[in-house]
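Quick note on labels: first sequence line is chain A, next is B, and so on, each numbered from 1.
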Amino acid sequence: MNIFENYLNKIKVAVDQLSKKNLIILPDNLSSLSVDTPPQNIKADISTNISMILSKINKKSPMALGEIIKKKLLEDVNISAIEIVKPGFLNITLKSTIWNELIKNINENPYQYGVNINSRKKNYLIEFVSANPTGPLHVGHCRGAILGDVISNILIFNKHKVFKEYYVNDYGNQIINFTKSVYLRCRELLFKEKFPTDPDLYPGDYVIQIAKNILKDNPKINYKNFDEISNLLSSLAVKESLQLIKENLNKLGIKHDNFQSETELVEKNEVHNVINKLSKKNFIYKGRIKAPKNQNKTDWIEREQLLFRSTDFGDDKDRALQKGDNSWTYFASDVAYHNFKLERKFDKLINILGADHAGYIKRITSSVDALSGEKNKLICKVSQLVKLIKDGKPFKMSKRKGDYITVEDLVGEVGKDATRFIMLSRTSDVELDFDFAKVKEKSKDNPLYYVQYCYARISSVFRNLNKNINDEVNIKNYDFNYSADEIKIIKKISQWPLIIEISSNKLEPHRIPIYLYELASEFHSYWNMGKDDENKRFINNEKKISDEKILFLKSISNVIKSGMNIIGVDTPESM
RNA sequence: GCGCUUGUAGCUCAAUUGGAUAGAGCGCCUGACUUCGGAUCAGGAGGUUCUGGGUUCAACUCCUAGCAGGCGCACCA
């Protein structure tokens with residue numbers, strides 16, 4: 001039940017009826033019509049801009065139009081009063097029956113409350129993380145991983161289908177260097193050869209462990225000639241590091257539905273096929289890329305090469321598909337990968353990218369546009385950098401020194417829940433400060449515990465009454481008189497479907513932790529009123545609780561639990 | 001140089017996507033524990049929303065020109 005949506009529709013019907021009686025003129029569409037909560041200082045329950053948006057076409061002042069619409073709307077039995085306020089807002093006060101209706105709705109179907117029933121159900125593919133399989137995940141990967149996971153959860157909450165995929169970049173130079181590193185570690189272990197200091201190699205200790213695992217499982221391989229065993233060793237090494245990555249993701253509570261190998265697509269000739277497909281549509285040509293102006297590129301080699309016309313779709317320049325040695329560029333195989341996504345007939349594709357890949361968005365969306373003939377088939381979300389702060393100072397990670405924080409370190413130190421909650425609490429396109437000290441702190445400085453504490457307090461009420469918070473409550477007549485302080489919280493609860501709708505439409509999960517924090521805040525405030533006013537306490541002097549208070553508490557705890565489930569964070573009953 | 005992105009209270013950030021007097025937390029000041037859990041709460045101080053121009057009933061939000069920070073810029077992935 002979404003009160004705002006209900007009244008949006010009611011207002012549409014009302015003005016439609018007025019227009020049929022020739023009392024007002026309606027524009028072609030009412031897309032700018034809004035129905036939402038008025039600011040704090042206004043006492044009404046809902047507010048609409050209807051008379052302002054009709055003002056121009058009717059050549060009447062919003063105040064005058066407001067009078068006509070007000071009269072019509074007052075026919076609604078649930079409206080008790082309407083005030084017209086300059087510059088022309090209609091502020092509507094509802095009868096308390098509406099809050100009972102809302103409470104009833106939540107209690108009868110707690111896990112459906114907030115689901116956007118009207119949106120068309122779609123089939124999504126979301127690609128996220130996709131870190132190179134050359135080692136465990138570090139903190140930088142973490143934010144995008146959580147973002148992708150929670151966007152999936154929001155869509156699933158709204159009854160969409162979601163397929164979560166990880167693209168494994170197991171093809172190209174990085175993998176060759178990684179395989180070499182593993183090879184050299186094997187030789188180090190077998191023949192006591194010193195591991196060289198080459199900037200292209202991967203020096204991390206985990207490579208030693210990977211080498212040990214491979215040696216143990218494959219004792220018969222001849223480790224004397226790299227070229228002979230490179231293909232086999234490569235697949236073994238990638239398998240090992242994927243195992244590490246999966247363990248990392250598991251610690252964060254993330255599980256992909258599929259790990260798609262890049263090599264597999266190359267070997268199946270998918271790159272060739274997709275380039276043929278694009279050639280037929282005339283998006284491929286042989287040409288040259290000029291060096292960028294005013295940039296000192298002394299080593300620029302201009303040469304004839306296979307290019308994709310991404311400029312047709314608004315990109316700065318056309319993009320190379322083949323390297324100098326005629327092997328495919330990363331972009332070429334990624335186009336093949338996206339073609340493979342399209343072949344699986346998803347309605348929408350979502351990519352979660354790191355900030356350093358933002359410049360890549362134009363060309364990949366161009367390729368999807370070209371292949372699908374649709375616009376906005378692929379939506380890319382960027383997750384900005386995480387600035388780590390340790391001991392009050394920024395912490396710089398350095399791969400060469402082996403001085404970087406892995407997901408394992410992070411989750412081990414601050415925990416899965418705190419990591420997820422904090423990583424989500426800002427819009428994804430803003431840099432995020434991640435202060436270890438603050439995230440670990442168990443106080444109001446840490447919003448996670450603040451919200452969890454709210455749930456735990458509600459649980460404690462049920463515990464004290466020897467009841468279970470999860471037990472069903474059967475009520476016949478919902479005709480309670482909630483106090484103004486209670487209605488304030490119920491109103492906050494009424495906004496939950498709105499939060500879900502916006503988060504879902506904009507793929508912006510950060511609104512959920514922020515909302516939950518606000519809801520928890522109002523609850524804590526109410527709780528403390530119980531110190532002065534016995535009527536505000538949940539358990540009365542006879543050690544009992546009224547039905548209206550039970551329902552009130554359950555409505556809050558249900559929304560908190562729904563929200564925390566979406567974020568992927570626990571709601572302990574005691575802390 | 002070009003592209004993307006950010007700029008809001010001393011600090012870290014919100015703002016129902018164009019709505020009314022721009023809101024929270026931290027920090028600072030003053031207060032509340034014979035209590036259903038103080039991991040909490042009540043109150044106070046703190047603003048030219050980076051700057052200029054434009055669009056309209058209405059701009060933190062949209063357009064435009066700047067300023068400042070971040071990221072990226074073929075033959076890496």
Between B:rC73 and B:rC28, how far is it from one C1' atom to the other, in whole Å? 46 Å
Have a look at A:Pro62 and say if it touches a base, only the backbone sugar-phosphate, or nothing, with a 4.0 Å heavy-atom cut-off. nothing
Residues at least two apart in sequence or cross-chain that pass salt bridge (Lys or Arg N to Asp or Glu O under 4.0 Å) with A:Asp433, listed by chain then number, are A:Lys387
I'd like to know if the side chain of A:Thr329 reaches the main chain of A:Ala320, judged simply by a donor and an acceptor atom lying under 3.5 Å from each other, with no hydrogens or angles considered. yes
Remember a base hit wins even if backbone is also touched, and classify A:Lys531 as base, sugar-phosphate or nothing at under 4.0 Å, heavy atoms. base
Verify the stacking flag for A:Trp300 against B:rA74: centroid separation must be under 5.5 angstrom and the ring planes must differ by under 30 degrees. yes
Assign B:rU12 to syn or anti; the rule is syn for a glycosidic angle within 90° of 0 and anti otherwise. anti
By the 4.0 Å heavy-atom rule, please label A:Lys362 as base, sugar-phosphate, or nothing. nothing
Between atom CD1 in A:Ile514 and atom P in B:rA22, what is the gap in whole Å? 20 Å
For B:rA74 versus B:rA68, give the span between their P atoms, rounded off to a whole number of Å. 25 Å
Are A:Phe436 and A:Phe434 an aromatic pair, judged by ring center distance below 6.0 Å? yes
Do A:Phe538 and A:Tyr526 have ring centroids that are under 6.0 Å from one another? yes
Mind checking A:Ser460 for me? I need base, sugar-phosphate or nothing, with any heavy atom below 4.0 Å counting as a touch. base
Would A:Phe89 count as stacking on B:rA20 if stacking means ring centres less than 5.5 angstrom apart and planes tilted under 30 degrees? yes
For A:Asp36, report the nucleic acid contact type (base, sugar-phosphate, nothing); a contact means any heavy atom under 4.0 Å. base
Between P on B:rC2 and CZ on A:Arg363, what's the gap in Å once rounded to a whole number? 19 Å
Using a heavy-atom cut-off of under 4.0 Å over every strand shown, decide if A:Glu508 touches base, sugar-phosphate, or nothing. base
If I pick the C1' atom on B:rC13 and the same atom on B:rC36, what distance separates them, to the nearest angstrom? 33 Å
Can you tell me, in whole Å, how much space there is between the P of B:rC41 and that of B:rG1? 50 Å
Expressed as a whole number of Å, how far does the C1' atom of B:rU55 sit from that of B:rA59? 10 Å
Any donor-acceptor pair under 3.5 Å between the side chain of A:Asn91 and the base of B:rA20? yes
Touch class at under 4.0 angstrom, heavy-atom based, for A:Arg537 against every strand present: base
Applying a 4.0 Å non-hydrogen cut-off, can you work out what A:Arg319 is touching in the nucleic acid: base, sugar-phosphate, or nothing? nothing
Rounded to whole angstrom units, what separation is found between the CG atom of A:Leu519 and the C1' atom of B:rA24? 15 Å
Do A:Asp433 side-chain and B:rU12 base share a donor-acceptor contact under 3.5 Å? no
What's A:Lys290 touching, base or sugar-phosphate or nothing? Going by heavy atoms closer than 4.0 Å. nothing
In whole Å, I'd like the distance from the CD atom of A:Glu518 to the P atom of B:rA14. 12 Å
Would A:Phe313 and A:Phe283 count as a close aromatic pair, with their ring centres under 6.0 Å? yes
Rounded to whole Å, please give me the gap between CZ in A:Phe421 and P in B:rG25. 14 Å
OH of A:Tyr360 versus C1' of B:rA77: gap in Å, rounded? 9 Å
Give the rounded distance in Å between these two atoms: CD1 of A:Ile50 and C1' of B:rA20. 17 Å
Pairwise P distance for B:rG66 and B:rC2, with rounding to whole Å: 9 Å
Between A:Asp316 and A:Lys362, does any NZ, NE, NH1 or NH2 come within less than 4.0 Å of an OD or OE carboxylate oxygen? no
Would you indicate what A:Asn41 reaches in the nucleic acid, counting non-hydrogen atoms under 4.0 angstrom: base, sugar-phosphate, or nothing? base
For a quick check of understanding: with a heavy-atom distance under 4.0 Å over all strands, which category does A:Asn132 fall into, base, sugar-phosphate or nothing? sugar-phosphate
Take A:Asp429 and A:Ile42, find for each the nucleotide of RNA chain B with the closest heavy atom, and name the residue whose nucleotide sits nearer the 5' end. A:Asp429
What interatomic distance, in whole Å, is found between C1' of B:rC71 and the corresponding atom of B:rG31? 48 Å
Taking atom C1' in both B:rU12 and B:rU17, what distance in whole Å separates the two? 23 Å
Counting the atoms with a prime plus P, OP1 and OP2 as sugar-phosphate, which does A:His510 contact under 4.0 Å by heavy atoms, base, sugar-phosphate, or nothing? sugar-phosphate
Looking at A:Lys549 and A:Glu486, is there a salt bridge between them, counting it only when a charged N and a carboxylate O are closer than 4.0 Å? yes
Return yes if the base of B:rA14 and the side-chain atoms of A:Thr427 contain a donor-acceptor N/O pair under 3.5 Å, otherwise no. no
With heavy atoms under 4.0 Å as the rule, sort A:Phe331 into base, sugar-phosphate or nothing. nothing
Quick one: label A:Ser47 by what it contacts on the DNA or RNA (base, sugar-phosphate, nothing), any heavy atom closer than 4.0 Å. base
Does the side chain of A:Thr427 come under 3.5 Å of the side chain of A:Asp429 through a donor N or O and an acceptor N or O? yes
